[in-house]
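Below is one structure, written out as structure tokens, with a few remarks after it.
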Amino acid sequence: MLSEITEEYVVSRNACKLCTPLGASLAFKGIQGSIPLLHGSQGCSTYIRRYLISHFKEPVDVACSNFGEQTAIFGGGANLKVALDNIRRQYKPEFIGVATTCLSETIGDDVPGFIRNYLAMNNPDEVPPIAHVPTPSYRGTHIDGFHGAVKAVVDVLAVNRDRGTDQINILPGMLSPADLRYLKGVLTDFGVPFVMLPDYSQTLDGAPWTEYHRIPAGGTPVTDIARMGESTATLELGRILARQDSAGKLLSQRHGRPCHSLGLPIGVNESDTLFQAIELITGKPTPEKYAAERDRLIDAYVDGHKYVMDARVVVYGEEDLVVGLVSFLSEIGIIPVLCASGGKSGLFTETIKGLVPDYSEKGIQIMEGADFTAIEEAAQDLNPDLIIGHSKGYAMARRLNVPLVRVGFPIHDRVGGQRILHVGYGGAQQLFDRIVNTILEKRQEASAVGYSYM
Amino acid sequence: MMEEKYGFPFIRVSYFGIEDVSQALYDVAGHFADAPEIMARTKELVRREITQVQPRLAAIKKALQGKKAAIYVGGAFKAFSLIKALRHIGMSVVLAGSQTGTQEDYEVLRDMCDDGCVIVDDANPLELSKYVIEKKADLVIGGVKERPIAYKLGIGFCDHNHERKIPLAGYVGMLNFAQEVYGTVMSPVWKLTPPKVTSSGRE
């Protein structure tokens, strides 16, 4: 008897998300003297290294417990012990971040137990702190691995309970090194001491070397992370993350200090919210430099507003990045006709609808848990002027003959992915100029007249 | 000149705005009085063209109803067409002026404009800025040199000059004009610009 044929696809075609342990590895790279260790087979760390290196153009060492056929059957406890020994001997790390893989999770390895045994069998003064995050890629996306790793690090390291500092914590989320530098600049200019976790602004965007370093300089020192519980408040960025279990909430629960959950500060409105939050926490006014930067940004919005008004844009990427971009696009009059993410938090559609209350009138489509095949099928009917997202959307942009403005991660087909500034008034200025100029260029190139003024 | 020198018949027409471009076509068709089929075809053409643009124009008019415009262009003749075109999309004119208008031009302008409309001749940026703020204009129409005046004051702008890339003449031009006016007047960026200071304080 013939079974009923359904149209439902359960496969993913050209995923619009990355491996969960990739996000964890990236977060671990933002800690000083840190080595990420994947508990699984070599391909996992090879792929993640290849992905991170192509974007950041920096050495990225990711260790691996080197599963083989026998490990898959008998378990990876022995492999993890050897891996930790090898890493300690070769890299002399100040911190080891262990992320699991699909294989070790599927066979049910008790990684927390392995780590406890390892610590019990070694002199605790000689072993660097080890954090562990479960990251099977069949659950969640790279962003879940990223936030999970940050929470695991806080859980293990933020142990001090002293009080009386005016320091604040900032948990920026998965931003570019340029973004992290910008946020550090803001807090420095406010004159407020802070701990940012993670901070890969130097480890993944560093200087030339005179000799090869085992571990690149930079990152949040373990001793600083230990003091995060002393901070007067925590700023955690991401509207989706705000409604999920997170490191910021863990700090708040454990140490009784407030966690301010804000959106990624993309565009004027979300940046204003960040600056207001810092003013509230510190009691200090926004430095004149940023007020002037905001004024120049608004003047630029005015100069370019006619070229972007009602432009139709397809935007995709991590849920919180898309949410931040939609807030920015809405304030300059661009219609995000398709907002898509490979993420499946279950909060994406509702969050976008909250930002664009007239989404239905504007014909805005929202896709959660989408792959590029589905995004492209939807985009075909929407006649977009522009696509905004990372470089894995290039094939779609090329087939649709629509320009792609590159943001986020990964940027594998251009230089400078690590230098793209998305956040703050400065980031909005760069995004705005790039978007307007892409639209102007398209119009200029389509014209039969080779005009050279606007 | 061609009329004087060679005896070519001459009619003065404007191709801006649905009213004026239709009138221009009828005037030309009317000139050939001995060929009434030309007028019949012209009427059909006008009907067809207007049917095509009217739905979108009506939607734009709904959004722009009651918004105020200031017009400052090179020649007054263009201002006449613009006043009619703006009315067609629901906007009133609160300032009208030109660089080169004659006494007769300004009399026509005065007749066309609503009461309270400021009429200026050969104005400078200071005068223009004073009146567009006072009259609470939502839009300035002028040349490229007037653009920064409008933008600095947080007011929409449409340039109406020889440097344009998107045409404003004819029926498609009217639609382009309406879309451009809509795009600048209704842009959300004005929610972010600082409030304007008038003689009676901040808005």
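Throughout, protein chains are lettered first and strands after them, A, B, ... in sequence-line order, and every chain is numbered starting at 1. Heavy atoms only: backbone and side chains are in, while hydrogens, waters and symmetry mates are out.
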Quiz: residues 9-16 of chain B side-chain donor-acceptor pairs under 3.5 angstrom, not counting sequence neighbours:
unit_1   : atom_1 : unit_2   : atom_2 : d
Ser14(B) : OG     : Phe16(B) : N      : 3.2
Ser14(B) : OG     : Ser81(B) : OG     : 2.4

Quiz item: What part of Val268(A) lies closer than 4.5 angstrom to a heavy atom of chain B: side chain, backbone, both or neither?
Solution: side chain

Hey, what donor-acceptor pairs show up under 3.5 Å between chain B and chain A?
unit_1    : atom_1 : unit_2    : atom_2 : d
Lys152(B) : NZ     : Asp299(A) : OD1    : 2.9
Lys152(B) : NZ     : Asp299(A) : OD2    : 3.1
Phe157(B) : O      : Lys306(A) : NZ     : 2.6
Lys165(B) : NZ     : Met454(A) : O      : 3.2
Glu180(B) : OE2    : Lys306(A) : NZ     : 2.8
Thr184(B) : OG1    : His305(A) : NE2    : 2.6

Quiz item: Among Ile298(A), Ile332(A), Val302(A), Leu297(A), whose side-chain contact (heavy atoms from CB on, under 4.5 Å) with Leu192(B) holds?
Solution: Ile298(A)

Self-check item: Heavy-atom neighbours of Tyr131(B) OH exceed 12 at 6.0 Å
Solution: no

Quiz item: Should the heavy atoms of other residues, nucleotides or ligands under 6.0 Å from CD of Glu37(B) be counted, would the total exceed 12?
Solution: yes

Quiz item: Looking only at heavy atoms, which two atoms of Pro188(B) and Gly333(A) are closest? And how far apart?
Solution: CG-N, 3.2 Å

Quiz item: Do other residues, nucleotides or ligands put more than 12 heavy atoms under 6.0 Å from the CD atom of Glu4(B)?
Solution: no

Self-check item: chain A contact via Ile166(B) - which portion, at a heavy-atom distance below 4.5 Å
Solution: side chain

